[in-house]
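Have a look at the structure below before the remarks.
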Amino acid sequence: MNYFKLLSIVISVLSMLACKQDKTSGKTEQVTHEKPNIIFIMSDDHAYQAISAYDKTLIHTPNIDRIAEEGMLFTNATVTNSICAPSRAVILTGKHSHINGKIDNLSEFDTTNVTFPQILQKAGYQTAMFGKLHFGNNPKGFDEFKILPGQGDYYNPRFITQKGDTIIEGYVTDITTDLTLDWMKNRRDPNKPFMLMYLHKAPHRAWLPSEKYYKEFTQKTFPLPETLFDDYKTRGTATKTAEMGILKHMSLINDNKLTPETVRELGIEQWSKLGESLYGMTAEQRASWDAVYGPINEDFKKRYPSMNDSTLTVWKYQRYLQDYLGTIASVDDNVGRVLDYLDDEKLADNTIVVYTSDQGFYLGEHGWFDKRFMYNESFKTPLLIKWPNKIKPGITEDEMVQNLDFAQTFLEVAGVTAPKDMQGESLVPLLTGKKEHWDRDAVYYHYYEYPAEHAVKRHYGIATKDYKIIHFYYDVDEWELYDRKKDPKEINNVINDPEYATVVAEMKQKLQETREKYKDSETLDKHYIELYKK
């Protein structure tokens, strides 16, 4: 036999053996695909300022930061509607809320919408979803799913599956990751590319950390935000009437973890769902919880008689941050588990990993918690993407991008043509260093859920890198304009400042053009108001 032919055969055999499962090590057979795998990691209400890649003030998140270090960090990533279920509907459909119909947490999701997982599944991708979807119990386009019903529980959560509901004992962030890793290890088809949605409940209210982290974080003290005691002097009615203030609207029981007995003893009236939240704990879990939060209650009893509004605000803020950030610490640990698995199994080089949140969140800025407004802390969302050999590591990108863009991005990554009625823009030019092909200069936002919880008025607007204009409507007709470069904390509404008269005119014109571009209108505004009243 010819030497070179023999050598070719030997190399071929060795190559085949290298791809087979190593029975002694337990490694799974790997196949290299032209099409990359996609892992979409999303948390719920994770503020960008609570990721150390963005801001090191509050918490260290080394595992989430790894995605930025190995890829790209977006500093102007935003949402189209800052509330849980509508954000997810936008991500799945690539369409604004007024087009996909999921305008708020109360309305039904129109299941005739075509979602990007359905398209990827038809294109040969194996698909799976684990964690919090928030709406629907039969997500379309997935080969396997285990999702939380509604908001889900932090402890011993129930999951909806194709085979029926199941309760799994443990902490929800760990369990969601266990399910994700189990699927990748045991049911992933190595002959197919995969698209995996790995969706965390945390850090959604009411912020119940794992035992490890409530023991650690209840001992921490955090710096106060500059605008904690914002007086909204230049802002309009919406900021003054919203019901998301730490002092007045954050529950001492549900949010700050005082017991109903403590509150009754002090003569404070408080609404609470804490009993429901803790009800699912085992006796052992509850005993560990009480050992830490019991002394907090006793300490508060001593402090409360001498507290004024300012000192009570600060106390509530610290309790809020301790629990909120404690839940994020678990998310970071578990993201690390998934990234380590990709590295160990040699999957990382052919996998695009995205980390984001369904929206931003207020961590005391403007005296608030929650989201909903078009102001930065809730409008902006964390976005970190790594794609080895495509994204140059350690890049920061400041272009205006949105959750609207994910569907088309994933479809282009997979080599699939996106439906023409999707409204986003693929991020691939930004990810691959072809910025000259990116021409968006403004993003559109529209919030609908009013009157409702937190009482944030309906509003829409656009943002460019330089300015943001907002129109509040329904029971008011008020406008706000912010100079994003000069006033990044958005405390000075300049809509009536003569120096900005030209900017106001230009931004109002651009807003109208943007509404027309995305097929939004006053007619639709009225339509959704009438639907909401029914």
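For clarity, every value in this text was computed on a predicted model and none was experimentally measured.
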| request: Please determine which of Thr61, Asp332, Asp340 meets the side chain to side chain donor-acceptor pair (under 3.5 Å) test together with Arg66. | output: Asp340
| message | Exactly one of Leu196, Ile147, Ile175 should register a side chain to side chain contact (heavy atoms under 4.5 Å, CB included) with Phe130. Which one does? | response | Leu196
| remark: In terms of heavy-atom contacts, Cys84 and Asp44 come closest through SG-OD1, 3.5 Å
| query | Which heavy-atom pair separates Ser378 from Val79 by the least distance, and what is that distance? | reply | O-CG2, 3.9 Å
| message | Apply side-chain contact (heavy atoms from CB on, under 4.5 Å) to residues Phe406 and Leu383 and explain how you reach the verdict. | response | CA-CA 11 Å; Phe406 292 144; Leu383 180 58; 3.7 Å; yes
| side-chain contact (heavy atoms from CB on, under 4.5 Å) between Met129 and Leu199: does it pass, once the steps are laid out? | CA-CA 8 Å; Met129 174 189 282; Leu199 311 174; 3.9 Å; yes
| Rounded distance [0.5 Å steps], CG in Leu404 versus OH in Tyr445 | 14.0 Å
| message | Could you tell me if Arg458 sits above the aromatic ring of Phe472, with its cationic atom closer than 6.0 Å to the ring centre and no more than 45 degrees from the axis? | response | no
| request: State whether Tyr362 and Lys371 meet the cation-pi test: NZ (Lys) or CZ (Arg) under 6.0 Å from the six-membered ring centroid, and within 45° of the perpendicular axis. | output: no
| field | Trace of the side-chain contact (heavy atoms from CB on, under 4.5 Å) decision for Ile38 with Leu120 | value | CA-CA 10 Å; Ile38 301 166; Leu120 288 179; 4.2 Å; yes
| request: Please say whether more than 12 non-hydrogen atoms of neighbouring residues, nucleotides or ligands are located less than 6.0 Å from CD in Glu522. | output: no
| query | Counting only N and O atoms by type, is there a donor-acceptor contact under 3.5 Å from the side chain of Asp153 to the main-chain atoms of Tyr155? | reply | no
| request: Tell me, yes or no, whether the heavy-atom count around Gln162 atom CD, taken from other residues, nucleotides or ligands under 6.0 Å, exceeds 12. | output: yes
| Are Lys380 and Tyr48 in a cation-pi contact, defined as NZ or CZ under 6.0 Å from the six-membered ring centre and within 45° of the axis? | yes
| task | Answer yes or no: is there a donor N or O on one side and an acceptor on the other, between the side chain of Arg88 and the main chain of Leu133, under 3.5 Å? | result | yes
| task | Please determine which of Phe410, Tyr198, Tyr355 meets the ring-ring contact (aromatic ring centres under 6.0 Å, His included) test together with Phe40. | result | Phe410
| task | Please report the shortest heavy-atom distance between Ser330 and Tyr171, naming the atom on each side. | result | OG-CE2, 3.8 Å
| query | Do we get Lys390 above Trp387's six-membered ring, with its NZ or CZ under 6.0 Å from the centre and within 45° of the axis? | reply | yes
| Among all residues two or more places apart in sequence or in another chain, which pass the ring pair (Phe, Tyr, Trp, His ring centres under 6.0 Å) test with Tyr375? | Phe373, Tyr482
| query | If you look at every heavy atom in Ile91 and Met42, which pair is closest and at what distance? | reply | CD1-SD, 3.6 Å
When the side chains of residues 420-427 are checked against the rest of the protein, which donor-acceptor pairs come out under 3.5 Å, sequence neighbours left out?
| from | atom 1 | to | atom 2 | distance (Å) |
| --- | --- | --- | --- | --- |
| Asp421 | OD2 | Lys95 | NZ | 2.9 |
| Gln423 | OE1 | His96 | N | 2.8 |
| Gln423 | NE2 | Tyr518 | O | 3.0 |
| Ser426 | OG | Glu412 | OE1 | 2.7 |
| Ser426 | OG | Val428 | N | 3.1 |

| Name of the residue among Thr78, Thr80, Thr381 meeting side chain to side chain donor-acceptor pair (under 3.5 Å) with Gln402 | Thr78
| query | After noting the C-alpha distance and the side-chain angles of Tyr460 and Leu511, does the key distance pass the side-chain contact (heavy atoms from CB on, under 4.5 Å) rule? | reply | CA-CA 9 Å; Tyr460 57 81; Leu511 173 59; 3.8 Å; yes
| When rounded to the nearest 0.5 angstrom, what distance separates CZ in Arg187 from CG in Asp143? | 11.5 Å
Identify every side-chain donor-acceptor pair in residues 526-534 under 3.5 Å, counting partners at least two apart or on other chains, and give the distances.
| from | atom 1 | to | atom 2 | distance (Å) |
| --- | --- | --- | --- | --- |
| Tyr528 | OH | His98 | O | 2.8 |
| Tyr532 | OH | Pro451 | O | 3.0 |

| field | Quiz item: cation-pi between Lys201 and Tyr154, 6.0 Å / 45° | value | yes
